[in-house]
Amino acid sequence: MSGPGKTAVTGIGQTAYTKESGRTVMSLCAEASAKAIADSGLERGQIDGLISFTMDTNSDMDLQASLGLPMVRFTAKAPFGGEGAYATFQLAAAAIESGQANNVLIFRAFNERSEARFGQPNYGPQGAPRDLHRSLGLVTPGQVYAMWHKPFLDARGLTNEDLGHLVVQMRAWAANNPAAWFYGRPITLEDHQRSRWIVDPVLRLYDFCQETDGGVAFIVSRLDTARALSQNGGSPLVRVLGVQQAWPLGESMMYNYYKSNLVFPEDTVHVANALWEQTGLSPAEIDVSTIYDNFSSSIPISYEGYGLCKPGEVRDAILAGEFGPGGSTPVNTNGGLIGEAYLHGLNNAAECVRQMRGTSPNQIEGAKVALCAGRQCGMVLARE
Amino acid sequence: MQAKRDQDFFWEGIDRGVLLAQKCDGCGQLRHPPQPGCAKCGSDQWSETVLSGEGTILAFIESVHPTRRDEESRCVCLVELPEGLRMISSLLDPENAGNGAAVKFEIAEHNGQLLPLVRTVGESQ
Ligand SMILES: [Zn+2]
């Protein structure tokens, strides 16, 4: 993609983040979507595109019916899981910049705690054939990720206690965010180290993201539309200055232990370089970030991959408290997926929008540029 | 008829007592995990090749089954093979687990299934 993006986030919406919604996934999806449309100031009739994940179970047509959208002209699904979450904004930009849609609704909703839990062991049906991961003992995402994160952690001298320092900083943000599951519940390093091992010696209970029932939605619009909304009393203009994906051959979304260099986050480095080229910015110009944190160990890998520190310096940054309140590179000011909720990464994008609007409960004073970081995709938002 | 999986030849090898990988007929590149085509040259023609069964541990974790708490935990390891491939296995002698430890594959039964497991060799024994 050449040159800065020509779209903007005009609306955000979210449901309550709970452990047991007691409602259908579609009702969560429709609530978040309706709130995003209302937040944008657009009429329902102006929404003409629908984008979600391949993993999302909500039907585009059911959502259209629930929202009363008179005409949808563009639909698309971003592949892979949460570390590809921000690819949805790239699809929205592709649709809008090529004139195939004007205002796109991005949505993601699930009952990920009360119904289909990602962390449950997937042995397949009774009598399922042997396979290369599960049959040998990797039965949950935590185990799979711990296996390929371990060589990076070892190379950077990062222990589980070091990850504990990082989680304490995430939970400090969450403690001040009323929407967060862990609102009002900060932890100490001792609390973290007392939480039980889930994957010894990499991840304890508090290193894991939440399991959440809920929905989150966005409206992405043409820049001229967004500017007009903003000038007519709407929210500040939040531009999608850059959004990129990168899938180098040999990297894998889930089973990433076959890639040639287990310490170098090649996919993330490609995303980051493409973002800096597209936006003309550098890591030093990022005021606030969210980093996809399905596990605490994901954060240092991406932090280094996006150049927020020099290779090898991530442990020092963690121990110095640079990620938390008062830190020089604030990360996951909503509390992240660990502290706020697990909406498959998109609640972290919503926090970036709030930071650019100046409405985060943990507002970074004067923040003008936000990085919304995933492993294989990323986005730069800018307040105009 | 049930469709054959790309990895079925690997498990048929395990049942015969051999550790197999795919070798590309076009360029000779070995590959694992099994794929229908060669990432190096694109050929979809391949043959089975028997691996040495040697390896080195790159990383290991303790795997506790999240819902079957009475099951014994397993020491799962990432093994680098001298052929330039990697495989997931679990260690028959977890007390000797260590990064860099040399291991040898043993085809053995676990929970009623024949699996490619590993045991450390050399000084640690
Ligand atoms: Zn080949």
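Given the structure is predicted, the values throughout are model-derived calculations rather than measurements. A, B, ... follow the sequence lines: proteins, then strands. Residue 1 opens every chain.
When each of A/Asp131, A/Val202, A/Leu138 is checked for heavy-atom pairs under 4.5 Å with chain B, A/Asp131 comes out on top. Chain B forms more heavy-atom pairs under 4.5 Å with one residue of A/Leu262, A/Leu203, A/Leu249 than with any other, namely A/Leu262. Listed options B/His32, B/Met87, B/Arg5 were ranked by heavy-atom pairs under 4.5 angstrom with chain A; first place goes to B/Arg5. If you tally non-hydrogen atom pairs under 4.5 Å between each of B/Gly84, B/Pro66, B/Pro33 and chain A, the highest count goes to B/Pro33.
Salt-bridge annotation for B/Glu48 and B/Arg16: present, with a side-chain N of the basic residue lying under 4.0 Å from a carboxylate O of the acidic one. Salt bridge B/Asp15/A/Arg130: present, at least one basic N to carboxylate O contact under 4.0 Å. A salt bridge is absent between A/Arg204 and A/Asp207; no separation between the charged side-chain nitrogens and carboxylate oxygens falls under 4.0 Å. Between A/Asp267 and A/Arg375 there is a salt bridge, since at least one side-chain N of the basic residue sits less than 4.0 Å from a carboxylate O of the acidic one.
Heavy-atom distances place the side chain of B/Asn99, and not its backbone, under 4.5 Å from chain A. At a 4.5 Å heavy-atom cutoff, the contact between A/Leu132 and chain B is made by backbone and side-chain atoms alike. The contact between B/Leu114 and chain A is made by backbone and side chain atoms together, counting heavy-atom distances below 4.5 Å. Contact annotation for B/Phe10: only side-chain heavy atoms (C-beta onward) come within less than 4.5 Å of a heavy atom of chain A.
For B/Trp46 and B/Phe9, the ring centers sit closer than 6.0 Å to each other.
The side-chain heavy atoms of B/Ser52 and B/Glu83, taken from C-beta on, include a pair separated by under 4.5 Å.
Other residues, nucleotides and ligands contribute more than 12 heavy atoms inside 6.0 Å of the NZ atom of A/Lys77. For B/Glu109, the CD atom is densely surrounded, since the number of other residues' heavy atoms within 6.0 Å is greater than 12.
Put simply, the residue from B/Glu62, B/His65, B/His110 that forms a side chain to side chain donor-acceptor pair (under 3.5 Å) with B/Arg74 is B/His110.
Residues of residues 156-165 of chain A placed with any heavy atom under 4.5 Å of a heavy atom in chain B are absent; none qualify.
A perpendicular orientation is assigned to the rings of A/Phe118 and A/Phe110, their planes being inclined by more than 60° (bins at 30° and 60°).
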